[in-house]
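Given the structure is predicted, the values throughout are model-derived calculations rather than measurements. Ligands are counted one by one from 1 in listed order, and the atoms in each one are counted from 1 as well. In what follows, every heavy atom counts, from backbone to side chain, and hydrogens, waters and symmetry copies are set aside. For the single chain, residues carry numbers from 1 onward in sequence order.
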Amino acid sequence: MADRLAGKVAVITGGASGIGAACARRFADEGADIVIADLDAARAADTIAAVEASGRRARFVRTDTSVEADNEALAAATVEAFGRVDCLVAAAGIANADYVSGQDTGATGPRDILRVPVADWERVMAVNLTGVMLTDRAIAAAMIAAGNGGAIVNIASSAAAIPLRGGGDYCVSKAGVWMLTKVLALELVGHDIRVNAIGPGFIETPMTEVMRSDPAGETLMKRMTPMRRLGRAEEIASTALFLVSEDSSYLTGQLLFPNGGMFTG
Ligand SMILES: NC(=O)c1ccc[n+]([C@@H]2O[C@H](COP(=O)([O-])OP(=O)(O)OC[C@H]3O[C@@H](n4cnc5c(N)ncnc54)[C@H](O)[C@@H]3O)[C@@H](O)[C@H]2O)c1
């Protein structure tokens, strides 16, 4: 590959699976050392091995991104291991309160806004919105202390702009990440830290596995997508690479939508 991230250190939350794992591999191919922050070390093993196979250093830091102290420990562990942190991709997320990445729990609580249990709503906000804020600020503080600037990429969703019936908690959490990104971009601009977000469409990862295994779900996702196909995690990693590299040096506070042409404007 190339060396667009040579000498850089990247933290990737949700890096054990799907979009986060694809970012870890792609960034390592471009020369970055990688810290994967996720709930389960065993699920991150393949990605850690892939990063090391490309000649880069990798660490796993067990992190629940919805817990403030975990995010602070993640930032400290990164600086201790590699001496700096230059890039963050905040990809940890859940589709709903019962979602466990890589497993179909079979749980199907009511999701419409009239009936969704408050605890479920709050769980989605805790991981998808507050968790992203907590990771962003812990890593941003480490970037400021190091004085090298940096680039933060928050993984939102096209659902930040497109309302989905029965997905109120998810859509609202992702719309919140969009605004979080804009406010933080303003607050960090004086530290030479750029903050952008990505709003993927339907991507082939464990998160869409249940929908993809149902022909009606697959048809619905393709019908909503002008390109008539789902995206690949690698296509989101390419967008993330653009946003953390110098190629996007004049871009901050933006949400890019790699989504096969869905109208999200
Ligand atoms: N797959 C899609 O179609 C799609 C579309 C739009 C946005 N997204 C977003 O992309 C991001 C990545 O999703 P994905 O599709 O790769 O799903 P995924 O389930 O494959 O990966 C999500 C990862 O986040 C981790 N995670 C969940 N909660 C966590 C927590 N509290 N602390 C630390 N790690 C946690 C999981 O363990 C998993 O490794 C999510 O924010 C998701 O909402 C996905």
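A donor-acceptor pair is defined here as one N or O able to donate and one able to accept, closer than 3.5 Å; no such pair exists between the side chain of Asp3 and the backbone of Gly31. Here the side chain of Asp70 pairs no donor or acceptor atom with the backbone of Thr65 at under 3.5 angstrom. In this structure, Asn154 contributes its side chain and Ala156 its backbone to no donor-acceptor pair below 3.5 Å. Side chain of Asp247 to backbone of Leu243: no donor-acceptor contact under 3.5 angstrom is found. With hydrogens and angles disregarded, no donor-acceptor distance shorter than 3.5 Å links the side chain of Ser157 to the backbone of Gly199. No donor-acceptor distance shorter than 3.5 angstrom exists from the side chain of Thr181 to the backbone of Gly253, with no hydrogens or angles considered. In terms of modelled atom types and a separation under 3.5 Å, the side chain of Lys174 and the main chain of Ile155 share a donor-acceptor contact. Between the side chain of Thr252 and the main chain of Val195, a donor-acceptor pair closer than 3.5 Å is present. Side chain of Asn196 to main chain of Leu251: a donor-acceptor pair is present (N/O by atom type, distance under 3.5 Å, no hydrogens or angles). A donor-acceptor pair is defined here as one N or O able to donate and one able to accept, closer than 3.5 Å; such a pair exists between the side chain of Arg194 and the backbone of Ser248.
Not a single heavy atom of Ala21 sits under 4.0 Å from any atom of ligand 1. Not a single heavy atom of Ala126 sits less than 4.0 Å from an atom of ligand 1. In this structure, Glu204 does not count as a contact residue of ligand 1, since none of its heavy atoms falls inside 4.0 Å of the ligand. Residue contact annotation: Ala91 has a non-hydrogen atom under 4.0 Å from ligand 1. Assignment of Thr63 to the shell around ligand 1 is supported, since a heavy atom sits closer than 4.0 Å.
The distance from ligand 1 to the heavy atoms of Gly18 drops below 4.0 Å at these ligand atoms: 16 (O), 20 (O). Of all the atoms in ligand 1, the ones that sit under 4.0 Å from a non-hydrogen atom of Tyr170 are 6 (C), 7 (C), 8 (N), 9 (C), 42 (C), 43 (O). Counting the atoms of ligand 1 from 1 in the order shown, those under 4.0 Å from a heavy atom of Asp64 are 30 (C), 31 (N), 32 (N). The distance from ligand 1 to the heavy atoms of Ser101 drops below 4.0 Å at these ligand atoms: 18 (P), 19 (O), 20 (O), 21 (O), 36 (C), 38 (C). Every atom of ligand 1 is numbered from 1 in the order shown, and the set under 4.0 Å from a heavy atom of Ile155 is 9 (C), 10 (O), 11 (C), 41 (O). Applying the 4.0 Å criterion to heavy atoms of Ser17 picks out, from ligand 1, the atoms 16 (O), 18 (P), 20 (O), 21 (O), 38 (C), 39 (O). Close contacts between ligand 1 and Pro206 involve ligand atoms 20 (O) [criterion: under 4.0 Å to a heavy atom]. In summary, the atoms of ligand 1 found under 4.0 Å from a heavy atom of Tyr99, numbered by their order in the structure, are 18 (P), 19 (O).
Geometric assessment of Lys182 against the ring of Trp178 yields a positive cation-pi assignment under the 6.0 Å and 45° thresholds.
Inclusion of Ser66 in the set of residues having an N or O under 3.5 Å from an N or O of ligand 1 is not warranted. The N/O atoms of Pro200, backbone and side chain alike, include none that comes under 3.5 Å of an N/O atom in ligand 1. Taking distance alone, with nitrogen or oxygen atoms compared against 3.5 Å, Thr208 stays at or beyond that limit from ligand 1. Annotation: Ala37 places no N or O atom under 3.5 Å from an N or O atom of ligand 1; distance criterion only. For ligand 1, the polar-atom distance check finds an N/O of Ile203 within less than 3.5 Å of one of the ligand's N/O atoms. Geometrically, ligand 1 and Asp38 share a nitrogen or oxygen pair separated by less than 3.5 Å. For the pair Ser158 and ligand 1, the shortest N or O to N or O distance does not fall below 3.5 Å. The N/O atoms of Ser157, backbone and side chain alike, include none that comes under 3.5 Å of an N/O atom in ligand 1.
Of the N and O atoms on the side chains of Thr219 and Arg223, not one donor lies less than 3.5 Å from an acceptor on the other residue. Side chains of Arg26 and Ser238: a donor on one and an acceptor on the other come within 3.5 Å.
With respect to atom 35 (C) of ligand 1, the closest heavy atom belonging to the protein is Ala92 CB, 3.6 Å. Protein heavy atom at the shortest distance from atom 22 (C) of ligand 1 is Gly93 O, 3.9 Å. Protein heavy atom closest to atom 29 (C) of ligand 1, with residue, atom name and distance, is Leu39 CD1, 3.7 Å. Atom 41 (O) of ligand 1 has its closest protein heavy atom at Lys174 NZ, 2.9 Å. What sits closest to atom 30 (C) of ligand 1 on the protein, heavy atoms only, is Thr65 OG1, 3.5 Å. Atom 1 (N) of ligand 1 has as its closest protein heavy atom Thr205 OG1, 3.0 Å. Considering only non-hydrogen protein atoms, atom 17 (O) of ligand 1 sits nearest to Met207 CB, 3.6 Å. For atom 16 (O) of ligand 1, the nearest protein heavy atom (residue, atom name, distance) is Ile19 N, 2.8 Å.
Summarising the contacts of atom 4 (C) of ligand 1 with Ala90, Gly201, Ala156, Ala95, the nearest heavy atom is found in Gly201.
Using a cut-off of 4.0 Å between Lys/Arg side-chain N and Asp/Glu carboxylate O, Asp33 and Arg84 are scored as not salt-bridged. Checked for salt-bridge contact, Arg123 and Asp98 miss the test: no charged N lies under 4.0 Å from a carboxylate O. Ion pair Glu246/Lys8 not flagged as a salt bridge, since none of the NZ, NE, NH1 or NH2 atoms sits closer than 4.0 Å to an Asp/Glu carboxylate oxygen. With salt bridges taken as basic N to acidic carboxylate O contacts below 4.0 Å, one links Arg229 and Glu235.
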